[in-house]
Amino acid sequence: MDENFGQVSDVIQTALDKTNKALSIVTAAEQDLDKVSQIAGNGIELAEGLNQFVDSSEEAFQTIGPTIRQNLLLVQQITNAAGDVFAQLQNSDLNNLPTVEDLDRIASRLGVAVKLVDSMAELLGNINNLLPSQPLADKITQLNSISDKLQLQIRLAGIISDAMRRNTTPPTDVIAQLNTLSKDISSGIGNILNTYESEISPALAAGADKLRSTLSTSAETLQGAKDRIPDIADILASAKEGITFGQAELTKIQSELPQIQSKIHEISETLANKSEGFIQALNTVSSLIRNDLPKLGNKLNEAADFVRNDLPNAEKQIGKASDFVQNQLPEVEKGVHRVATLVRDDLPALESAISKAADKLREVEGNNQFAELAKLLRGDIEEESAFLSSPVQIKEQQLYPIPNYGSAMSPFYGVLSLWVGSTLLISLLRAEAENPEGKFRGYELYLGRLATFLTIGLLQAICVTLGDILILGTYVADKLWFVLFAMLVSAVFVTITYTLLSVFGNIGKGIAIIFMVFQFSSSGGTFPISMTSPFFQALNPFMPFTYAISLLRESVGGILWSTAIKDILWLCMFIALSLIVALALKRPLSSLTKRSAENAKKTKIIA
């Protein structure tokens with residue numbers, strides 16, 4: 001830092017130079033704001049004047065189209081007349097050939113045609129540039145091509161005129177080229193005239209409108225710029241204030257640099273003087289680190305091992321000793337006192353009793369009864385106890401295993417979600433289709449709308465099953481059958497709930513919800529049905545949930561087709577029963593259902 005401190009002074013001086021330039025630029029911008037405001041005002045007046053000019057020249061814009069059309073007709077007349085003259089050059093009769101004066105006159109008229117065509121091309125080009133889609137580009141290209149051909153005709157006519165002045169025969173190829181050019185020019189102008197009303201005239205009108213719109217937008221833009229000039233003045237004033245403040249701070253820092261440099265130099269010399277002692281201290285510390293630190297590390301490792309391995313056991317032993325001292329030591333003292341009492345008072349009687357017992361044992365040993373008792377005692381008591389406690393060993397073999405509880409419960413929750421989905425369908429969708437003229441019968445309306453409900457129900461089943469497999473990662477042994485069985489279950493539920501809604505109206509929605517509550521408890525989905533009350537056990541065989549859950553369980557654990565076919569037949573029977581109820585009761589109950597729905601609407605509570 002001491003050696004390179006001069007660079008800091010250079011950087012600060014550069015910054016001061018930059019701030020001086022920035023301050024001069026901001027000052028100049030503030031001085032020119034009045035000129036900018038004046039220019040914007042003049043621009044607004046100019047744009048408004050141009051708008052007035054455009055409005056006053058409306059008739060001139062309207063005459064542009066007819067003028068261009070008239071010029072095209074004039075150019076067509078000139079080219080047709082030139083074509084007639086050039087056609088006479090192909091006659092073999094010398095008396096019918098045009099004169100040199102005729103050719104010069106035609107060349108002069110062609111020059112007029114070139115000027116007309118060029119002016120029209122330039123005018124159309126200016127209008128075309130105003131329009132975003134460039135609709136006149138092809139017409140401008142055609143006019144430029146016609147202008148080139150007319151100029152070529154003028155040059156070729158001059159070649160023939162020079163030949164006739166020299167009393168020489170005009171070149172036949174030049175004459176042929178002149179006639180070809182005449183036909184091309186006449187055809188090109190004819191094409192332009194044919195599309196004039198459909199393409200050129202609308203483009204001219206659009207160009208005039210675009211010009212007026214551009215001038216109006218320019219005036220608005222200039223007015224907006226003029227309105228923003230005070231904001232720009234505020235910004236410039238803030239910038240000037242910030243630059244002035246920064247310049248003052250830089251000047252202050254520049255004035256303090258000598259003091260800072262002297263302090264840094266003093267610190268540098270101090271460090272240089274103290275570095276030798278610092279290095280010696282480092283050498284001392286390094287020898288300590290090399291020699292003693294490994295030993296210290298070993299001691300720390302031993303202490304850490306003691307803390308990790310032995311300290312918990314020591315704490316337990318200390319705790320036991322503390323508990324012994326606090327709780328059991330008084331009892332030990334009492335026991336010692338009792339032993340002392342026993343030795344003093346009861347020991348003589350105990351000795352006589354032991355002598356009598358020894359005599360009895362000697363008598364038993366003489367009769368070989370003691371050997372039988374020892375043989376009995378030598379038996380394996382633990383093995384005999386284990387046999388008596390568990391005389392039968394059970395070997396378990398799993399059939400159709402399911403690895404986790406969540407997968408085992410997926411059939412129940414899948415069936416429940418399908419019933420809830422069908423219940424939401426009848427709550428959200430209309431049950432009756434429109435039949436204004438009465439040309440459809442009741443069963444036709446029922447079956448037609450049922451097809452709509454079934455389509456949505458099948459999509460719900462696909463979403464539920466694929467979500468279980470792909471998103472939740474549920475274990476399923478037969479994935480395809482799991483999806484197909486769920487679609488069958490959804491079709492059964494949708495048919496039942498739609499039949500309730502179609503036949504009973506809003507009352508059917510309540511029946512569907514009550515039916516779900518009964519099935520929730522009587523289907524045996526969460527625990528065996530034998531653990532429920534007799535009422536739910538009696539309902540179990542008649543609930544669709546019973547067979548739907550059983551069918552999905554077959555696909556999750558592995559299909560036993562005898563059980564699966566039985567469940568499928570029961571579910572199909574529920575569909576058939578729903579259709580029979582709907583076709584039999586829909587017509588007789590339709591008037592009652594409609595009347596109850598109207599009465600419900602009158603309450604202004606039920607939709």
Inset, instruction - Report the C-alpha separation of Thr499 and Tyr446 in whole Å, then their side-chain angles, then the decisive distance to 0.1 Å, and conclude whether the side-chain hydrogen bond (donor to acceptor under 3.5 Å, both in side chains) test is met. - result: CA-CA 9 Å; Thr499 299; Tyr446 169 81; 2.8 Å; yes
Inset, instruction - Working to the nearest 0.5 Å, report the span between CZ of Phe520 and CE of Met543. - result: 14.5 Å
Legend entry - Heavy-atom closest contact (Leu425 atom, Gly457 atom, distance): CD1-N, 4.2 Å
Inset, instruction - Provide the closest heavy-atom pair for Ser422 versus Val494 in the form atom of the first, atom of the second, distance. - result: CB-CG2, 3.9 Å
Inset, instruction - Measure the CZ-CD distance between Arg449 and Glu444 for me, rounded to the nearest 0.5 Å. - result: 14.5 Å
Inset, instruction - Can you measure from CG (Leu539) to CD (Gln519) and round to the nearest 0.5 angstrom? - result: 10.0 Å
Inset, instruction - Provide the closest heavy-atom pair for Gly557 versus Ile402 in the form atom of the first, atom of the second, distance. - result: CA-CG1, 4.0 Å
Inset, instruction - Go through the steps to decide whether Trp570 and Thr546 satisfy the test side chain to side chain contact (heavy atoms under 4.5 Å, CB included), and finish with yes or no. - result: CA-CA 10 Å; Trp570 273 101; Thr546 302; over 6 Å; no
Inset, instruction - Could you tell me the separation between the OH atom of Tyr547 and the CG atom of Leu488, rounded to the nearest 0.5 Å? - result: 14.0 Å
Inset, instruction - Please work out whether the ring planes of Trp419 and Phe493 are parallel, tilted or perpendicular, with thresholds of 30° and 60°. - result: perpendicular
Legend entry - Between Phe412 and Phe545, ring centroids under 6.0 Å: no
Legend entry - Closest non-hydrogen atom pair between Pro541 and Ala538, with its separation: CD-O, 3.4 Å
Residues 463-487 side chain polar contacts: donor-acceptor under 3.5 Å, at least two apart:
| residue | atom | partner | partner atom | Å |
| --- | --- | --- | --- | --- |
| Thr465 | OG1 | Ala461 | O | 2.9 |
| Thr465 | OG1 | Ile462 | O | 3.1 |
| Thr474 | OG1 | Asp468 | O | 3.1 |
| Lys479 | NZ | Val476 | O | 3.4 |

Legend entry - Leu571 side chain reached by Leu551 side chain, heavy atoms, under 4.5 Å: yes
Legend entry - Any side-chain heavy-atom pair of Lys509 and Leu500 under 4.5 Å: no
Inset, instruction - Taking all heavy atoms of Val556 and all of Pro411, pick out the closest pair and write down the distance. - result: CG2-CG, 3.9 Å
Legend entry - Gap between atom OG of Ser578 and atom CG of Leu450 - 0.5 Å precision: 9.5 Å
Inset, instruction - Might you point out which heavy atoms bring Thr563 and Ser550 nearest each other, and give the distance in Å? - result: CG2-OG, 3.8 Å
Inset, instruction - Working to the nearest 0.5 Å, report the span between CG of Leu454 and OH of Tyr498. - result: 9.5 Å
For residues 530-537, which side-chain donor-acceptor pairs fall under 3.5 Å, sequence neighbours excluded?
| residue | atom | partner | partner atom | Å |
| --- | --- | --- | --- | --- |
| Thr532 | OG1 | Ile529 | O | 2.6 |
| Gln537 | NE2 | Ser530 | O | 3.3 |
| Gln537 | NE2 | Thr532 | O | 2.8 |

